[in-house]
Amino acid sequence: TMTFASNSSDVNAKKPYYANYAAIGDSICAGFTQANYGYKNGFDMMKNINNSPDFCYAKLVGNKLGSNVYNLGKLGCDTSELLDILTNQNNPYYNVYRQYIGKTDLLTLEIGSDDLTLATIHSILKCIGVDYANMDPKEVFELAVPLFTGDIAGMVNSIEKVQGIKLSPEQILAIQTALSDKSLSATLEKGYETFCVNYPKVVEKIREINPTAKLLVIFTALSCSNLP
């Protein structure tokens, strides 16, 4: 829940409180599964920037404020990828993010869930010698769906489908072990440690790009108190 406070001197009938609003984040921010979600015709977040799904929070907040909405939500984006987007000039999204972040009055940041999700998927794929970094984002998402529901059989089926292989009993056992309480706790802890290192850097970089915009951080799965 986000609440915006104002006083009577802020009110202008002809202008919104924030003319331009950019929402930065992952698939939650992007509004994945919404009917007019930009990725339905491919996993290119560029289609979503100026066509935010009607019922994702970015569009709802923007409509409430009367703002132009720029949705910078990217499917499967974790803090490592976002930090690379904001700092690496060779990243294909570098200029796009800087453009929209730089011209906004209001920014929200929702990131971190995929630090845990991708860390877990990586640990599972290691069992069969596959690196998710070399996979298509759509294939990674297909693995995430059974992971969210704790469906190990579904996970095995999804791996076999996207990789075009038949897993051996030993590989299936390795996956089950990777998802055991002890192994999974260690994996999630590692993902959280990465988040805690990257998140303050992300906030600092956003502030560097646009030092005057109001920035609201939204914590969904994780939180971080060490903010600049």
Side-chain angles (χ1 to χ4, degrees), residues 1-79 81-89 91-114 198-220 222-224 227-228:
T1 301
M2 292 183 293
T3 302
F4 298 89
S6 64
N7 55 50
S8 58
S9 64
D10 294 326
V11 177
N12 186 320
K14 296 182 180 181
K15 295 182 180 180
Y17 301 130
Y18 302 99
N20 299 301
Y21 163 44
I24 307 166
D26 51 33
S27 58
I28 297 174
C29 170
F32 191 71
T33 73
Q34 296 279 318
N36 65 331
Y37 181 62
Y39 292 140
K40 66 182 178 181
N41 296 316
F43 281 62
D44 183 4
M45 59 86 61
M46 297 294 291
K47 298 177 181 179
N48 215 35
I49 292 178
N50 292 295
N51 185 33
S52 196
D54 292 335
F55 295 104
C56 73
Y57 72 79
K59 189 65 171 286
L60 294 173
V61 170
N63 286 346
K64 183 71 173 178
L65 297 175
S67 308
N68 298 316
V69 179
Y70 308 118
N71 194 322
L72 299 177
K74 188 174 184 300
L75 179 68
C77 190
D78 60 7
T79 56
E81 181 178 11
L82 181 55
L83 188 59
D84 187 73
I85 289 172
L86 297 176
T87 59
N88 180 7
Q89 296 184 28
N91 190 295
Y93 298 109
Y94 175 82
N95 290 324
V96 174
Y97 273 64
R98 293 184 71 88
Q99 173 191 345
Y100 286 102
I101 292 173
K103 71 177 184 180
T104 60
D105 310 293
L106 173 67
L107 293 156
T108 57
L109 174 64
E110 176 277 315
I111 197 79
S113 299
D114 287 324
N198 288 339
Y199 195 91
K201 296 178 182 179
V202 167
V203 172
E204 184 176 13
K205 196 63 186 179
I206 291 172
R207 273 283 170 237
E208 179 183 314
I209 297 170
N210 190 331
T212 60
K214 186 179 185 67
L215 173 61
L216 301 177
V217 296
I218 305 170
F219 292 122
T220 53
L222 303 175
S223 63
C224 178
L227 297 179

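What you see is a predicted model, and the numbers here were worked out from it, not measured in a lab. Numbering of residues begins at 1 and proceeds along the displayed sequence.
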Original post:
Within the distance-only criterion (no hydrogens, no angle test), does the side chain of Glu110 pair as donor or acceptor with the backbone N or O of Gly25 below 3.5 angstrom?
Top reply: no
Subject >> Nearest heavy atoms of Glu81 and Asp78, plus distance in Å >> reply: N-OD1, 2.9 Å
Original post:
At what distance, to the nearest 0.5 angstrom, does NZ of Lys74 lie from CD1 of Ile85?
Top reply: 5.5 Å
Original post:
For Asp105, which residues count as a side chain to side chain contact (heavy atoms under 4.5 Å, CB included) partner, sequence neighbours excluded?
Top reply: Tyr18, Ala19, Asn20
**OP:** Check for a donor-acceptor pair, side chain of Asn210 on one end and backbone N or O of Ile101 on the other, with a separation under 3.5 Å.
**Re:** yes
Original post:
Looking at side-chain heavy atoms only, is the closest gap between Asn50 and Tyr100 below 4.5 Å?
Top reply: yes
Subject >> Minimum-distance pair of heavy atoms, taken over all atoms of Ala23 and Ala58 >> reply: CB-CB, 3.6 Å
**OP:** Taking all heavy atoms of Ser27 and all of Leu75, pick out the closest pair and write down the distance.
**Re:** CB-CD1, 3.5 Å
**OP:** Pick out which of Thr104, Asn68, Thr108 makes a side-chain hydrogen bond (donor to acceptor under 3.5 Å, both in side chains) with Tyr21.
**Re:** Thr108
Subject >> Heavy-atom check, side chain of Ser67 versus side chain of Val61, under 4.5 Å >> reply: no
Original post:
Is Asn71 reaching over with its side chain to a backbone N or O of Cys29, donor-acceptor style, under 3.5 angstrom?
Top reply: yes
Original post:
Are side-chain heavy atoms of Ser113 and Asp26 found at a separation under 4.5 Å?
Top reply: yes
Original post:
What are the two closest non-hydrogen atoms of Val203 and Leu109, and how far apart are they?
Top reply: CG2-CD2, 3.8 Å
**OP:** Evaluate the side-chain proximity of Ile111 to Ile24: yes if any heavy-atom separation is below 4.5 Å, no if none is.
**Re:** no
**OP:** Specify the closest pair of heavy atoms between Ser52 and Lys59, including all atoms of both residues, with the distance to one decimal.
**Re:** O-NZ, 3.4 Å
Subject >> From CG (Leu86) to CG (Asn91), nearest 0.5 Å >> reply: 9.0 Å
Original post:
What is the distance from atom CG of Asn198 to atom CG of Leu83, rounded to the nearest 0.5 Å?
Top reply: 5.5 Å
**OP:** Kindly compute the distance separating OG1 (Thr79) from CG (Asp84), expressed to the nearest 0.5 Å.
**Re:** 11.5 Å
**OP:** Validate the cation-pi geometry between Lys205 and Tyr97: distance from NZ or CZ to the six-membered ring centre under 6.0 Å, angle to the ring axis within 45°.
**Re:** no
Subject >> Donor-acceptor under 3.5 Å (Tyr199 side chain, Gly112 main chain) >> reply: no
Original post:
Short question: side chain of Arg207, backbone of Ala213 - any donor-acceptor pair under 3.5 Å?
Top reply: yes
Subject >> Over 12 non-hydrogen atoms of neighbours within 6.0 angstrom of NZ in Lys103 >> reply: yes
